[in-house]
Amino acid sequence: MSEFVEAVDIEVTVNGKTYQRSVEPRLLLVEFLREELGLTGTHIGCDTSYCGACTIHMNGAPVKSCTLFAVQADGQTLTTVEGLATDAGLHPLQKAFSEHHGLQCGYCTPGMLMSAKALLERNPNPSDKEIKKQIAGNVCRCTGYQNIIKSVHAAAAEMRES
Amino acid sequence: MYPAPFRYHRPDSLDAAIKLLERLGDMAKPIAGGQTLVPMLKLRMGDVNDLIDIGRLPGLAEIQINDNEARIGALATHATIAASPLAERIPSVRDCAGGIADLQVRSRGTIGGSISTGDPSTDWAPFLHTLRAVVEIQGPAGQREVAIDDFVSDAYTTVLKTGELVTAIRFPLPPPRSGGAYIGYKRAAPAYPTCAVGIQLTLDEAGVCSAARCVLSAVASTPVTSDAADAALVGTGVTEEDLKAAGELIIAAADPPEDVRGSADYKRSVLRGLFLQAGTKARQRATGETIEGSHSYV
Ligand SMILES: Cc1cc2nc3c(=O)[nH]c(=O)nc-3n(C[C@H](O)[C@H](O)[C@H](O)COP(=O)(O)OP(=O)(O)OC[C@H]3O[C@@H](n4cnc5c(N)ncnc54)[C@H](O)[C@@H]3O)c2cc1C
Ligand code: FES
Ligand code: FES
C-alpha cells in the first residue's frame, strides 16, 4: 500500500465548539485532540487501551480516545477535561479531587474525572462499590485510589446540594 | 503508536457496505466498535488497505424480545446490552455484557465485533453457547444462519466469507424454571479473562435438572462444551457434588494454554472454582432467586 492516503474531512464538536479539519484516516482521536486542537488536557498513558488516561466522552459515553480514529468521531459531540470548568470556576469533581488529595502526579486525573463524571450524571449518590466499578478502567500509580473514591463521594454530595 | 496507512470508507447502508467489502477483497476489513481492531492495527498486526466503518449502519443495534425469542443486533454495544430489558430478564446476559473489560470499552465494543474476532479469550461466543444462539449473516450471496457452535471454527477464525457481515444474534427465550450464569476470572477490568465458565439450567417442578448446557472459555482455541457434562447434570438436584462431578468431565476436555495468565494446572483449578460458582448461581436463579454475579476482579 502506498504511503500516501487521501485525507478525510471531518467536523467534530468538542466542549461546545465545532472544528473542521482534514485528517489522515490513521490519526488517533487522542492525537487529534492534543496535536490538532491543542487540547492537551487529555493524556496518553499506555497507548494500548489499558490505562484510561485518555478517557473522554463521545455523545455522553466515556471512551478511550487512544482506541478510536479521529475519522470515527466525525459528526459526533465530544467532551474533554477542558470542558469541565466553567466561567463560574472548577467543576465540583475538580474541586473535590484537589481538596481531598484525589491526585498526586495528576497523570491519570483527566481520565478519572471523565469516568467519574459519567457516573455522577447517571447516579447522583453512588456507593463505594459503584465508584470502584466505574473507575475500574482507569489506572492510578500514585494515590492508591482511596482518596479518589473519597473525592467522588465529596463531589457527589456537593452536586446533590446545588 | 500508529497503524500503517489505510483508506477509510463509511457507506450508509448494509448493502453498500457488503458491495464495498466484496469489491475490495481480503485487504479490506469492517470496523464496528474498533475495540479489538484499533489495538491490533496499532501493533501492526494484519495487513489492511481499507477500513469500512459499519459502526453507524442504521437498524443494526436493536435489542428485541419477541414471543419466544431474543434478537440482538450486531452493533449493540456491551454497555447497551448490559443495561437492556433483555439483561434484566436473563441475568446471565448481564453477567457476560457487564463483565467485559471496563466501561470505556463496553461503550464502544459490539457483540457482532466480539464474536467475529474469534478470539479464544472473548466472552460473547462462549456465553452464547449456553443459550444455543444462532448467528444471522448477510453477504454478497444473501442471508444465511449459522449455529454459534459452528461459527467460530478455530482460534481467530470464523466461517465468515469475504464480504459477509454478522447482522444479528438470536436465541430462544429459556423456558420457565430456567437460570444461567456466566462468570469469568480476570486479573483486572481491562484484562481479558484468565478463564470463564457459563452454565444454563432448566429445573422441573421438583427442582430436578431437566436440561443443562455448560461451556468453558479461554482454555482452548474455541469454546469448550461437553455433552457428557451436560448429561451428567440432568436428573440431579445440581448439588455441590453433582457440579464437581460434571465439572471434571468438561474440564478434562479443556486444553488451557500456559501463558502470562497462568499455568495449565492453575487454570484448571480456577475452572473448578468457577464451575461450582456458576452452577450454584444458575440453580439459584432457576428457582427464582435474584443473584448478582459476574466477573470477579475487585
Ligand atoms: C482493554 C480491553 C479489554 C477487553 N476485555 C475484554 C473482555 O474481558 N472480554 C471480552 O469478551 N472482550 C474484551 N475486549 C474486546 C472487546 O469486547 C471488543 O469490543 C470486541 O472484541 C470487538 O468488538 P468491536 O465492535 O470493538 O469490533 P472491532 O474491533 O470493530 O472488530 C473486530 C473484528 O471483527 C470484525 N467485525 C466487526 N464487526 C463485524 C460484523 N458485524 N460482521 C463481521 N465482522 C465484523 C472486524 O473486521 C475485526 O476483524 C477487550 C478490549 C479491550 C481494548
Ligand atoms: S492511553 Fe488510552 S487507555 Fe491508556
Ligand atoms: S495521580 Fe499519579 S497516576 Fe494517578
Side-chain angles (χ1 to χ4, degrees), chain A residues 1-8 10 23-31 44 46-76 111 114-116 118-119 122 128-139 145, chain B residues 1-10 12 24 27-28 31-44 47-56 77-80 82-83 98-109 113 186-192 292 294-298:
Chain A
M1 172 117 187
S2 104
E3 286 295 305
F4 179 77
V5 169
E6 221 173 292
V8 176
I10 63 168
V23 298
E24 217 191 323
R26 63 175 173 160
L27 180 67
L28 294 166
L29 183 56
V30 69
E31 303 278 3
I44 303 175
C46 64
D47 209 0
T48 56
S49 316
Y50 198 94
C51 75
C54 64
T55 302
I56 62 162
H57 289 195
M58 183 152 106
N59 304 328
V63 298
K64 293 176 182 172
S65 59
C66 76
T67 315
L68 270 166
F69 295 119
V71 282
Q72 291 175 286
D74 178 29
Q76 313 296 307
M114 297 314 286
S115 287
L119 174 64
R122 204 178 65 233
D128 271 10
K129 196 173 164 200
E130 285 163 332
I131 297 173
K132 285 183 193 168
K133 183 126 202 202
Q134 180 80 11
I135 60 168
N138 293 82
V139 175
Y145 301 98
Chain B
M1 293 191 309
Y2 270 91
F6 55 82
R7 285 178 293 259
Y8 176 79
H9 313 260
R10 197 165 64 229
D12 50 19
L24 296 169
M27 295 293 275
I31 180 164
Q35 299 304 291
T36 293
L37 200 49
V38 177
M40 277 175 62
L41 293 174
K42 285 167 80 175
L43 295 170
R44 303 213 172 192
D47 271 335
V48 177
N49 281 350
D50 294 86
L51 273 194
I52 319 295
D53 192 345
I54 60 167
R56 300 189 206 177
T77 62
H78 312 322
T80 326
I100 292 174
D102 46 51
L103 199 73
Q104 296 96 314
V105 171
R106 291 197 294 276
S107 306
R108 293 283 310 161
K186 305 208 299 181
R187 293 165 303 152
Y192 285 80
E292 252 195 74
S294 96
H295 293 322
S296 35
Y297 53 82
V298 278

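In this text, all values refer to a predicted model and were calculated from it rather than measured experimentally. Excluded from the calculations below are hydrogen atoms, water molecules and symmetry mates; all remaining heavy atoms, backbone and side chain alike, are included. Chain A is the first sequence line, chain B the second, and so forth, proteins listed ahead of strands; every chain is numbered from 1.
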Colleague: Quick check for you: to the nearest 0.5 Å, what is the distance between A/Phe69 atom CZ and B/Ile31 atom CD1?
Modeller: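 Those atoms lie 5.5 Å apart.
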Colleague: Is it the side chain or the backbone of B/Ala191 that comes within 4.5 Å of chain A heavy atoms, both, or neither?
Modeller: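 The answer is both parts of B/Ala191.
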Colleague: Closer than 3.5 angstrom, by distance alone: can the side chain of B/Arg108 be matched with the main-chain N or O of A/Thr67 as a donor-acceptor pair?
Modeller: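 Judged by distance alone, no pair lies under 3.5 Å.
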Colleague: Are B/Arg10 and A/Asp74 within salt-bridge range, i.e. N to O under 4.0 Å?
Modeller: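 A salt bridge links B/Arg10 with A/Asp74.
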Colleague: Just by distance, no angles: are the side chains of A/Asn138 and B/Gln104 close enough, under 3.5 Å, to form a donor-acceptor pair?
Modeller: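 Side-chain D/A pair, A/Asn138 to B/Gln104: present.
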Colleague: Contact part of A/Met58 toward chain B, heavy-atom cut-off under 4.5 Å: side chain, backbone, both or neither?
Modeller: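 For A/Met58, side-chain heavy atoms alone lie under 4.5 Å from chain B.
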Colleague: Please report the interatomic distance CD(A/Gln134) to CG(B/Leu103), rounded to the nearest 0.5 Å.
Modeller: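 If I round to the nearest 0.5 Å, the distance is 4.5 Å.
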Colleague: Could you have a look at A/Val8, A/Ile44, A/Thr55 and say which one has the most heavy-atom pairs with chain B under 4.5 angstrom?
Modeller: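 That would be A/Thr55.
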Colleague: If we define contacts as heavy-atom pairs under 4.5 Å, which of B/Leu43, B/Val38, B/Asp47, B/Asp53 has the most with chain A?
Modeller: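 Winner by heavy-atom pair count: B/Val38.
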Colleague: Set out, in order, the CA-CA distance, both residues' side-chain angles and the distance that settles side-chain contact (heavy atoms from CB on, under 4.5 Å) for A/Thr48 and B/Lys42, then state yes or no.
Modeller: CA-CA 8 Å; A/Thr48 56; B/Lys42 285 167 80 175; over 6 Å; no
Colleague: Working to the nearest 0.5 Å, report the span between CD1 of A/Ile135 and CG of B/Asp102.
Modeller: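 One finds 11.5 Å between CD1 of A/Ile135 and CG of B/Asp102.
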Colleague: For A/Cys66, is it the side chain, the backbone, both, or neither that has a heavy atom closer than 4.5 Å to a heavy atom of chain B?
Modeller: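 Both the backbone and the side chain of A/Cys66 come within 4.5 Å of chain B.
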Colleague: Can you give me the closest heavy-atom contact between B/Pro190 and A/Lys64, atom names plus distance?
Modeller: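 Heavy-atom minimum between the residues: CB-NZ, 4.3 Å.
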Colleague: OH/B/Tyr8 to CD/A/Glu6 distance, rounded to the nearest 0.5 angstrom?
Modeller: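 Reported to 0.5 Å precision, the distance equals 15.0 Å.
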Colleague: Can you give me the closest heavy-atom contact between A/Glu24 and B/Pro5, atom names plus distance?
Modeller: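 For A/Glu24 and B/Pro5, the tightest heavy-atom pair comes out as OE2-CB, 4.4 Å.
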Colleague: Does the B/Ser107 side chain pair with the main chain of A/Pro62, one donor and one acceptor, at a distance under 3.5 Å?
Modeller: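 Yes; at least one donor-acceptor contact below 3.5 Å.
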Colleague: Measuring only between side-chain heavy atoms, which start at C-beta, is B/Leu51 closer than 4.5 Å to A/Val71?
Modeller: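 Sidechains of A/Val71 and B/Leu51: no contact.
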Colleague: For A/Asp128, I'd like to know if atom CG has over 12 heavy atoms of other residues, nucleotides or ligands within 6.0 Å.
Modeller: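 Count over threshold, so yes.
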Colleague: Among all residues two or more places apart in sequence or in another chain, which pass the side chain to side chain donor-acceptor pair (under 3.5 Å) test with B/Thr77?
Modeller: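 Side chain to side chain donor-acceptor pair (under 3.5 Å) check on B/Thr77 returns B/Thr80.
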Colleague: Below 4.5 Å from any heavy atom of chain B, which atoms of A/Leu27 appear? Answer side chain, backbone, both or neither.
Modeller: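 Contact with chain B involves both backbone and side-chain atoms of A/Leu27.
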Colleague: Would B/Glu292 and A/Lys129 pass as an ion pair if we require N to O under 4.0 Å?
Modeller: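 So B/Glu292 pairs with A/Lys129 through a salt bridge.
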Colleague: Between B/Gly34, B/Gly33, B/Pro3, which shows the greatest number of heavy-atom pairs under 4.5 Å with chain A?
Modeller: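 The option with the most such pairs is B/Pro3.
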Colleague: Checking A/Asp47 side chain against B/Met1 main chain: does a donor-acceptor pair fall under 3.5 Å?
Modeller: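 The answer is yes, because a donor-acceptor pair under 3.5 Å joins these two groups.
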